[in-house]
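Position 1 is the first residue of the sequence, and the numbers go up from there.
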Amino acid sequence: LRSKDSNNSIRAFPRGTVVHWLSGNVPLLGMFAVVQSILCKNTNLIKLSSNDNGALLEILKIFNDVNYTNPAGKEIKGKDLLSTIGVLHFDRKNEKLSTLLSKNANVRIAWGGQEAVNSIIDLPKRLNCQDIIYGPKLSMIFITKESLNNEKLLKKYLRRIATDCSVFDQYACASPHNIFIEKGGIITPKDFAIRLSEAMEKTLQRLPKESPEVAQSNKIKSKIAEFKFIGEYYSHPKLKWTVLFNKSTKISKPTYSRVITVNELDNLDSVIQDIDENIQSIGLAASGKRRLKLAEKLALKGVARLPD
């Protein structure tokens, strides 16, 4: 790129070898980073998670039958792109192989929980190796009373929230676990929770899931038992989704597996003090100057994304 009013120009160059350590909970998210790395003309080594289901390999195989001709007439063959990608599967406890990968990386991209990410960061690496870390983060939703001013909007919020809570079964960092909703809209926060439970059931028909395993079921049952004392709960008979309701500004720890906590409060500002950079996204149901003020306060606390 050359500036019109300057002799300076900028050109991007590949870094070299990019090593990707994929997460076990949402391995396909790693594909976005792989594609970006391909576009930047790097070679890629992908370390699959121990519980990989083969989906990423199936996606990569599609490249075999795809060719593309760019506007300049040059043909790019999918098979050629595949030859720049290596996919590896070995026990994460194999320190020798992990170290070998790390030492040969110009860029290390790591996805996963705190323990997994730390184990990768601590591996020996080249002096100028760049690390891109997608560690454990949480997301939530803010709803202002002004935004709850008609039935059409309410239905839209319920549908979108139920979908966001169901995709990936909340194991992605962008999945919401808490909803903070102000009193004073056309519906009370408790009624909102009830309506959300109905939306979760409808979404279950579109995005079906198995009943949770024993360990996860016990976590959900423990959370339900807690809310029998401090609030309300609405749950699927086989625990395929759960909506919890409470009057609190406290950020509930995630339970996962489509468990969402609806928190009633007077003003959203009362929870902002507890927000930090560990929050990845906050879905904002707000408008006008109020939306901009909330967005600025949340961004200053370290929130990365503030989508609608």
Side-chain angles (χ1 to χ4, degrees), residues 18-37 46-52 56 92 107-123 130-143 160-181 216 219-220 223 241-242 244 248-263 268-286 291 294-308:
V18 178
V19 179
H20 308 252
W21 279 267
L22 299 191
S23 169
N25 54 1
V26 279
L28 291 186
L29 286 181
M31 190 63 195
F32 291 107
V34 173
V35 169
Q36 289 176 327
S37 185
I46 304 169
K47 163 64 174 70
L48 298 176
S49 64
S50 57
N51 59 347
D52 176 74
L56 186 112
R92 63 184 179 88
V107 178
R108 303 189 304 178
I109 300 179
W111 302 73
Q114 192 71 50
E115 183 181 351
V117 166
N118 284 340
S119 67
I120 295 164
I121 292 173
D122 292 339
L123 290 170
Q130 179 183 356
D131 285 340
I132 301 174
I133 306 300
Y134 297 100
K137 289 202 172 188
L138 299 175
S139 294
M140 60 182 64
I141 292 167
F142 275 18
I143 302 176
R160 288 184 173 182
I161 292 170
T163 300
D164 284 349
C165 293
S166 300
V167 175
F168 299 121
D169 290 337
Q170 292 178 300
Y171 287 104
C173 55
S175 301
H177 299 272
N178 285 266
I179 300 171
F180 290 97
I181 178 170
Q216 182 62 35
K219 289 181 182 179
I220 297 172
K223 203 73 173 178
W241 56 261
T242 302
L244 306 169
S248 173
T249 60
K250 180 182 177 183
I251 300 173
S252 297
K253 292 183 179 180
T255 308
Y256 304 102
S257 196
R258 307 193 189 188
V259 177
I260 183 78
T261 304
V262 177
N263 303 275
L268 289 170
D269 287 341
S270 60
V271 74
I272 291 178
Q273 63 183 1
D274 296 322
I275 300 293
D276 58 29
E277 64 276 2
N278 290 315
I279 304 300
Q280 200 255 29
S281 300
I282 294 183
L284 276 181
R291 177 179 176 80
L294 282 170
E296 184 173 17
K297 290 178 181 179
L298 293 168
L300 286 171
K301 297 291 286 186
V303 179
R305 294 175 63 248
L306 295 159
D308 285 332

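Of the options V271, L306, I179, a side-chain contact (heavy atoms from CB on, under 4.5 Å) to F142 is made by V271 and by none of the others.
In this structure, NZ on K47 lies 14.0 Å from NE2 on H20, to the nearest 0.5 angstrom. Here D274 contributes atom CG and I279 contributes atom CD1; the two are 10.0 Å apart, rounded to the nearest 0.5 Å. In this structure, CD1 on I133 lies 9.0 Å from CH2 on W21, to the nearest 0.5 angstrom. Interatomic distance, M140 CE to I282 CD1, rounded to the nearest 0.5 Å: 5.5 Å. To the nearest 0.5 Å, atoms CD1 (I141) and OG1 (T261) are separated by 11.5 Å. One distance of note links OG of S252 with CD1 of I260; it measures 9.5 Å at 0.5 Å rounding.
Within a 6.0 Å sphere centred on CZ of R160, heavy atoms belonging to other residues, nucleotides or ligands number 12 at most. Shown here is K219, whose NZ atom has no more than 12 heavy atoms of other residues, nucleotides or ligands within 6.0 Å. Annotation for Q273: atom CD counts as buried by contact number, over 12 foreign heavy atoms lying within 6.0 Å.
Formation of a donor-acceptor pair under 3.5 Å by the S139 side chain with backbone atoms of S281 is found in this model. With hydrogens and angles ignored, the 3.5 Å screen pairs no side-chain donor or acceptor of R92 with any backbone N or O of S50. Using a distance-only test at 3.5 Å, with no hydrogens or angles considered, a donor-acceptor pair links the side chain of Q170 to the main chain of P176. Judged by distance alone, with hydrogens and angles left aside, the side-chain atoms of Q130 form no donor-acceptor pair with the main-chain N or O of I109 at under 3.5 Å.
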Run the side chain to side chain contact (heavy atoms under 4.5 Å, CB included) test on R291 and D308 for me, step by step, so that the C-alpha distance in whole Å, both residues' side-chain angles and the decisive distance to 0.1 Å come before the verdict. CA-CA 10 Å; R291 177 179 176 80; D308 285 332; 2.9 Å; yes
Kindly indicate, with the supporting measurements, whether the criterion side chain to side chain contact (heavy atoms under 4.5 Å, CB included) is fulfilled by L294 and I272. CA-CA 9 Å; L294 282 170; I272 291 178; 3.9 Å; yes
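Considering only heavy atoms from C-beta on, I220 comes within 4.5 Å of S257 through its side chain. Contact check for I251 versus F180: side-chain heavy atoms found under the 4.5 Å cut-off. Counting heavy atoms from C-beta outward, I161 and I143 have side chains that approach closer than 4.5 Å. L298 places a side-chain heavy atom less than 4.5 Å from the side chain of L284. Two residues are said to be in side-chain contact when any heavy atoms from C-beta on lie closer than 4.5 Å; N263 and K250 fail this criterion. The closest side-chain heavy-atom distance from T255 to Q216 is below 4.5 Å.
Listed by first then second residue, pairs satisfying salt bridge (charged side-chain N to carboxylate O under 4.0 Å, His left out) with a partner in residues 162-178 read D169-R258, not counting sequence neighbours.
The aromatic rings of Y256 and Y171 lie parallel to each other, with less than 30° between the two planes, well short of the 60° mark.
Listed here is the closest heavy atom pair of K301 and I275: CE-O, 2.9 Å. Scanning both residues, V303 and Q280, for their nearest heavy atoms gives CG1-O, 3.8 Å.
Residues forming a salt bridge (charged side-chain N to carboxylate O under 4.0 Å, His left out) with K297 (at least two apart in sequence, or on another chain): D269. Partners of S119 by side-chain contact (heavy atoms from CB on, under 4.5 Å), not counting sequence neighbours: none found.
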